[in-house]
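Let me begin by presenting the structure, written as structure tokens, before commenting on it.
Remember, it's a predicted structure, so these values are computed and weren't measured experimentally. Heavy-atom basis, side chains included; hydrogens, waters and symmetry copies ignored.
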Amino acid sequence: MNSNSMIDQIDSIFQQQQLFKIELRHSDVHERIEKLRRLRRVIESNEDLIYEALAKDLRKSRNEAAISEVLFIYGEIEFAIRHLRTWMRPKHVGRSMTNLLAKSSIVYQPKGAVLIISPWNYPFQLTMSPLVSAVAAGNCIVLKPSEHSPYTASLIRTMISEAFDVKEIVCIEGEKSTAETLLKLPFDHIFFTGSSVVGKQIMRAASDHLSSVTLELGGKSPVILDETAHLEKAANKVAWGKLINAGQTCIAPDYVLLPTGLRDEFVKHYLNAVKKMFFTGSGEIDPTRYAKIINQKHADRLSTLIARSVEDGATLVEGGQLSEDLTLNPTLLTGVSLDNAIMSEEIFGPILPIITYDNLEDAISIVNQGEKPLALYIFSESRHHTQLIIQQIASGGVCVNDVLIHVSNPHLPFGGVNGSGQGSCHGFFGFKAFSHERAIMRQSKYDLSKWIYPPYKNGIFKLLKKWI
């Protein structure tokens, strides 16, 4: 089914899902596990095609795509299968004075019909990850992948149509107008991954129907090094985290803050790490290890950002070259001031600004001047400094002495705060995002609630006050 005919049928599909979501409320753990296994089977049977699509869209190598996209989803599926029985089990809770003999519990009920809008930078992972959670929670699902990664989007549509009926899960391709059409519908929940600018538009659209939302956004995730940090190890980790997917990662290290006296040594280690990871022995970018920029518009934005930053006083230490195949060389900037162009927005590309500080309080103050970041990276061997930074800087998540890998632990919630997002995903937290926590109380025939009915007895409220 092509995108134009799909748009014409959006209302019909939505109505089918509105009816079927009632049936799905009764789905048991065995049915949901079978659907998760079916999803895994269709991924496995199309794995080579997935790698081909990611290579066409972003020039991702098979190894990088396996690690950051496909294997990640296999892990999510297996984690959900292992834990779903526990997640679905009613959680019995305690009692209060007015329901002393009652039985109370929390049951996770599917939200119903949900919309998942995914981005282009990890087009497979960031579509499938919330899909796994939504299936585990028992929902009907509409997927809207990004039009900027068309090969992956098309393959996902084909895979989903092979494995599921449209009344339960459907993938709808299309441009911005398709997303706008979908957002006019009263979905029970909207899960969006993308920029904060579009995130605000999603919230406005959701408000028309009071749909709940999960927003996985981004922001300027800082790296803070103190004088106790192991510089070579830190530089290697930052280089990998910054340049995987050519920097087009929502939790990529955005900029580095470090003591003034450590700058030159860090720069040396960083450039060495970049050459070892992403360049050939002859000094050329290795396209089998280094992704391209998604499209010309984004590449032009990054080139302009570099030029403006240099105009604002930054020093271009390395990189900045943009080739016709949309390869932007790893770029390093020093002498960056807070009012520099590069500090005005999330970079989302292979450009690393370095800012020096004289004391740790200055570094903390710099981060706190901006929006709360999606990730905070700390490199330090000092427990005191680490705890001070964690306490004084709010962020979606924190990773100490490493970058990015906190997202790989399904036992941890992943999500932002305020400008970097709303709500959490992965593992139980993803299941919870697509579920309604439903309170259920079963009163005993010997209930005590009649004590608070009128006419009020003398002293009853004094007695209750003592017991509460």
- Message: What I'd like to find out is whether the side chain of I117 reaches to under 4.5 Å of the side chain of F191, using heavy atoms alone.
- Response: no
- Check for a donor-acceptor pair, side chain of D362 on one end and backbone N or O of Y357 on the other, with a separation under 3.5 Å. no
- Presence of salt bridge, K220 and E346, under 4.0 angstrom: no
- Query: Between the side chains of D300 and Q296, is a donor N or O closer than 3.5 angstrom to an acceptor N or O?
  - Reply: yes
- Task: Can you see which heavy atom on A239 is nearest to which on F278, and at what distance?
- Result: O-CE1, 4.1 Å
- Message: Is there a side chain to side chain donor-acceptor pair (under 3.5 Å) between K111 and S435? Walk through the geometry before answering.
- Response: CA-CA 5 Å; K111 285 196 170 177; S435 302; over 6 Å; no
- Item | Heavy-atom side-chain contact between I390 and H385 under 4.5 Å | no
- Mind checking whether Y108 and F428 have ring centres under 6.0 Å apart? yes
- Message: Any heavy-atom pair between the side chains of Y377 and H406 that's under 4.5 Å?
- Response: yes
- Between F14 and F187, is the ring centre distance below 6.0 Å? yes
- Could you tell me whether R62 and D48 have a side-chain N and a carboxylate O separated by less than 4.0 Å? yes
- State, yes or no, whether a side-chain contact exists between L360 and L388 at a heavy-atom distance under 4.5 Å. yes
- Between T228 and S380, is any side-chain donor less than 3.5 angstrom from a side-chain acceptor? yes
- What class does the angle between the rings of H83 and F79 fall in, given that below 30° is parallel, 30 to 60° is tilted and above 60° is perpendicular? tilted
- Task: Search all heavy atoms of F348 against all heavy atoms of N121 and return the closest pair with its distance.
- Result: CZ-ND2, 3.3 Å
- C425 and S133, any side-chain heavy atoms less than 4.5 Å apart: no
- Message: Hydrogens and angles aside, do Y270 and E232 bring a side-chain donor and acceptor to less than 3.5 Å of each other?
- Response: no
- Any donor and acceptor pair, going by atom type alone, linking the side chain of S195 with main-chain N or O of V198 inside 3.5 Å? yes
- D339 side chain to S337 side chain, donor-acceptor N/O pair below 3.5 angstrom: yes
- Message: Just by distance, no angles: are the side chains of D286 and T280 close enough, under 3.5 Å, to form a donor-acceptor pair?
- Response: no
- Task: Given side chain to side chain contact (heavy atoms under 4.5 Å, CB included), test I378 with N401 step by step and report yes or no.
- Result: CA-CA 6 Å; I378 304 167; N401 290 326; over 6 Å; no
- Query: Do F414 and L374 touch side chain to side chain, with heavy atoms closer than 4.5 Å?
  - Reply: yes
- Item | Intermediate values then yes/no, salt bridge (Lys or Arg N to Asp or Glu O under 4.0 Å), K60 and E69 | CA-CA 10 Å; K60 290 193 181 190; E69 304 249 19; 2.4 Å; yes
- Any donor-acceptor N or O pair under 3.5 Å, side chains E47, Y51: yes
- Sub-6.0 Å ring centroid separation between H426 and F72: yes
- Query: Is the shortest heavy-atom distance from the side chain of Y122 to the side chain of Q248 under 4.5 Å?
  - Reply: no
- Task: Answer with yes or no whether the side chains of S221 and D254 bring together a donor and an acceptor at under 3.5 Å.
- Result: no
- Examine W120 together with Y151 and report whether their ring centres are nearer than 6.0 Å. no
- Would you call E345-R301 a salt bridge at under 4.0 Å N-O? yes
- Task: Test salt bridge (Lys or Arg N to Asp or Glu O under 4.0 Å) on E52 and K56 and set out the steps.
- Result: CA-CA 6 Å; E52 290 177 15; K56 289 177 180 177; 5.1 Å; no
- Item | Side chain to side chain, L215 and T193, heavy atoms closer than 4.5 Å | no
- Message: If the threshold is 4.0 Å, N to carboxylate O, is there a salt bridge linking K35 and E31?
- Response: no
- Please check if the side chain of K242 supplies one atom and the backbone of P253 the other of a donor-acceptor pair under 3.5 Å. yes
- Query: Sub-3.5 Å donor-acceptor pair from the side chain of S395 to the main-chain atoms of G397, do we have one?
  - Reply: yes
- So, T331 side chain and N329 main chain: donor-acceptor pair closer than 3.5 Å or not? yes
- Query: Would you say the side-chain atoms of T214 and H189 include a donor-acceptor pair closer than 3.5 Å?
  - Reply: yes
- Message: Any donor-acceptor pair under 3.5 Å linking the side-chain atoms of S118 with those of K144?
- Response: no
- Item | N340 side chain to S309 backbone, donor-acceptor under 3.5 Å | yes
- Message: Keeping N46 on the side-chain end and L49 on the backbone end, is there a donor-acceptor pair under 3.5 Å?
- Response: no
- Would a distance-only check, ignoring hydrogens and angles, find a side-chain to backbone donor-acceptor pair under 3.5 Å from S196 to G419? no
- Short side-chain donor-acceptor distance under 3.5 Å, R59 and T327: yes
